[in-house]
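Order of the sequence lines fixes the chain letters, A, B, ..., with proteins taken first and strands second; residue numbering starts at 1 for each chain. Everything numeric in this text was worked out from a predicted model, so none of it was measured.
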Amino acid sequence: MNETRADMEADPEVAPEVLKARFGRDIARDFDLDDPMFNDRFDEVLTFMVNKCPISFSKVGTGYHLVNTNEQVRRVAQDWRTFSSAKGYMPNRPEGLPYLMPEESDPPMHTNWRHKLNPHMSPKVIATYEDVIRQDCNVLIDTFIEKGECEFISEFGALLPGWAFFKNVLGVPIDDLAMLVEGVEQGTFALPAEERPSHMARVFTYLDTHLKWRATQPKRGDVIDTILEGVIYDDGTEAPWDHKVSILVDLTFGGIATTTFVMSSAIHYLAMHPEVRQQLIDDPSLIENAVEEFSRVFPPVIALGRTCTRDVEVAGTEMKEGDFVMLTWGAASRDPRAMEEPEKIDIKRETILHSTFGVGPHRCIGSNLARLELTTTIEEWLRRIPEFSLREGTAPVYVTGFLRSMRELQLVWPK
Amino acid sequence: MRVKIDGEHCTGHGRCAKYAPNVFILDDDGYNADRGNEIDVPAGEEENAKRGMKSCPERAITLVAE
């Protein structure tokens, strides 16, 4: 294991020509999140990075650092004064992409909004959505259970999180979900990256219209009303309208673009591991712990970025003011310095330390909702479809950038 | 056993209260209600408290006294 840049440079396994022979590129000094090789060899690359490259570098665009260990990711994520979110979380951010509040802001502005929004996403409030989510799991399962087969993503995984979020949190019609999912997906993964802003623009326009309409309606006391009510920033000014819209975009983005991946990966894992499935069927109280372990090893958000506000050293690497730094949550969650046998998936793991929901003040605001959706899905799926497997001759289809997503998962079960 | 909950680093992951609900209480925002303070762990709850501490992604809970 290497702890610093110097260790890494001295390690023959991390020599440029060795990496080029093994990975097709020098992933320590010339990494690319959008490289199809990363998509195909995801686990292998993350494990290599966390073990061998406490810090790596990308030459894509203006270039960025990647911080890969549990301890250093935590340090950078918590130190928001040195590592600012105000210039965005995306490396080489395309022109014309509006910043998302509160995710792409720093305290105190960020704190003002989080204080207002957090109560809507607390464990206590989220728990009141459980019955609706459980019912929706069954509504979806009813649509395909008799067929003995389904394409999990389009028939369940991409729908349930959207339904849960739209019905319980946003109160917008689920008929519009497909358009928004498409906008968010294309806005994240479309290549060339210059096309992404136009896809995101559709999402902004839709939610801007919705917010304007809600401003004319009687108050419901929900998160939309809280957003409309707004906050006063520390300089005494009121949060402008475009900040309110971007908050709604940010929440929607998180609500529909991420949980699907953990859910699909968990179901895929259970399709491939009948013995684990049986453990969960025999003792459903293990499901919550399994969800935590699945969240650790199947991260939908691989890495998010910060911008250095001053010159600073991380793991023996000098970073300059203005440098962009990605926090590789996905690598930090499999750090052997912080846990035993991180490469092993163990649903009975006693302590599950991970950074899938981020670390620091920007911790995923929907983490409690995501956990409930995942737990409820596995409970209901195993109750209704205890025996299932991957359709022979198929394999899940993935796409990876700074997010990871599953596009196709073919399942079959006895009718 | 006595532990301290860091006032700035607790960001509401809620892992502490999941594993040690009799030790760590969440406020209405879902953050540790005792953040910024030290608390005594009730006798018999030490193992749960340790599990909650170790699961905190922020390492926001530290041991003050065994």
Side-chain angles (χ1 to χ4, degrees), chain A residues 70-71 73-75 77-81 107 110-111 113-127 226 288-289 291-293 295-296 299 327 329 332-333 335 338-340 349-372 375, chain B:
Chain A
N70 177 277
E71 190 184 338
V73 161
R74 186 169 61 251
R75 172 208 156 181
Q78 291 181 337
D79 184 2
W80 56 266
R81 291 174 183 87
H110 170 264
T111 320
W113 274 114
R114 282 297 289 250
H115 276 319
K116 295 283 280 188
L117 298 169
N118 282 331
H120 292 284
M121 306 300 281
S122 72
K124 215 185 284 176
V125 170
I126 296 299
T226 294
E288 274 199 346
N289 209 56
V291 161
E292 216 52 36
E293 180 72 342
S295 301
R296 181 180 75 82
L327 302 173
W329 309 125
S333 294
D335 188 342
M339 72 199 78
E340 281 169 27
R349 200 181 275 278
E350 169 85 10
T351 303
I352 304 179
L353 182 70
H354 68 83
S355 41
T356 290
F357 295 110
V359 179
H362 292 275
R363 186 264 309 169
C364 170
I365 198 168
S367 58
N368 301 305
L369 178 59
R371 286 186 170 106
L372 177 62
T375 305
Chain B
M1 184 177 172
R2 194 169 169 79
V3 298
K4 181 176 181 358
I5 298 110
D6 186 288
E8 186 181 349
H9 287 162
C10 169
T11 61
H13 292 266
R15 298 298 84 204
C16 55
K18 178 56 76 180
Y19 295 117
N22 299 324
V23 182
F24 303 114
I25 312 294
L26 302 183
D27 65 14
D28 286 345
D29 283 10
Y31 289 51
N32 192 307
D34 294 303
R35 63 189 186 281
N37 299 320
E38 291 183 7
I39 57 167
D40 288 313
V41 174
E45 290 284 342
E46 292 84 357
E47 286 310 307
N48 291 336
K50 280 181 191 163
R51 197 171 173 205
M53 287 166 67
K54 285 187 200 161
S55 306
C56 175
E58 310 286 349
R59 293 268 190 258
I61 309 174
T62 46
L63 192 66
V64 178
E66 280 285 0

A quick test of your reading: do over 12 heavy atoms of other residues, nucleotides or ligands sit less than 6.0 Å from CG of B:D28? no
Partners meeting side chain to side chain donor-acceptor pair (under 3.5 Å) with B:R59 (sequence neighbours left out): none
Among A:R114, A:R371, A:H120, who wins on heavy-atom pairs under 4.5 Å with chain B? A:R371
Can you give each donor-acceptor pair under 3.5 Å made by side-chain atoms of residues 359-370 of chain A, sequence neighbours left out, with the distance rounded to 0.1 Å?
from	atom 1	to	atom 2	distance (Å)
A:H362	ND1	A:E103	O	3.3
A:H362	ND1	A:H110	NE2	3.3
A:H362	NE2	A:S85	OG	3.2
A:H362	NE2	A:S105	O	3.2
A:R363	NE	B:T11	O	2.8
A:R363	NE	B:G12	O	3.4
A:R363	NH1	A:S367	OG	3.1
A:R363	NH2	B:T11	O	2.9
A:R363	NH2	B:G12	O	3.1
A:S367	OG	A:C364	O	3.3
A:N368	ND2	A:M121	O	3.0

Go through the atoms of A:D79 and report whether side chain, backbone, both or neither lie under 4.5 Å from a heavy atom of chain B. neither
Pairwise distance CG(B:D6) to CD(A:Q78) - rounded to 0.5 angstrom: 7.5 Å
Please lay out, stage by stage, how A:E292 and A:H354 fare under the test side-chain hydrogen bond (donor to acceptor under 3.5 Å, both in side chains). CA-CA 9 Å; A:E292 216 52 36; A:H354 68 83; 2.8 Å; yes
Under 4.5 Å from a heavy atom of chain B, the part of A:W329 involved: neither
If the condition is side chain to side chain donor-acceptor pair (under 3.5 Å), which residues does B:D27 pass it with, not counting sequence neighbours? B:R35
Is chain B contacted by the side chain of A:R349, its backbone, both, or neither, given a heavy-atom distance below 4.5 Å? backbone
Mind ranking A:E288, A:H115, A:M339, A:K124 by heavy-atom pairs under 4.5 Å with chain B and telling me who comes out on top? A:E288
Measure the spacing between CE of B:M1 and CG of B:D40 and express it to the nearest 0.5 Å. 10.5 Å
Counting a contact as any heavy-atom pair under 4.5 Å apart, which residues of residues 49-57 of chain B contact chain A? B:R51, B:K54, B:S55, B:C56, B:P57
Rounded to the nearest 0.5 Å, how far apart are CZ of B:F24 and CD1 of B:I5? 5.5 Å
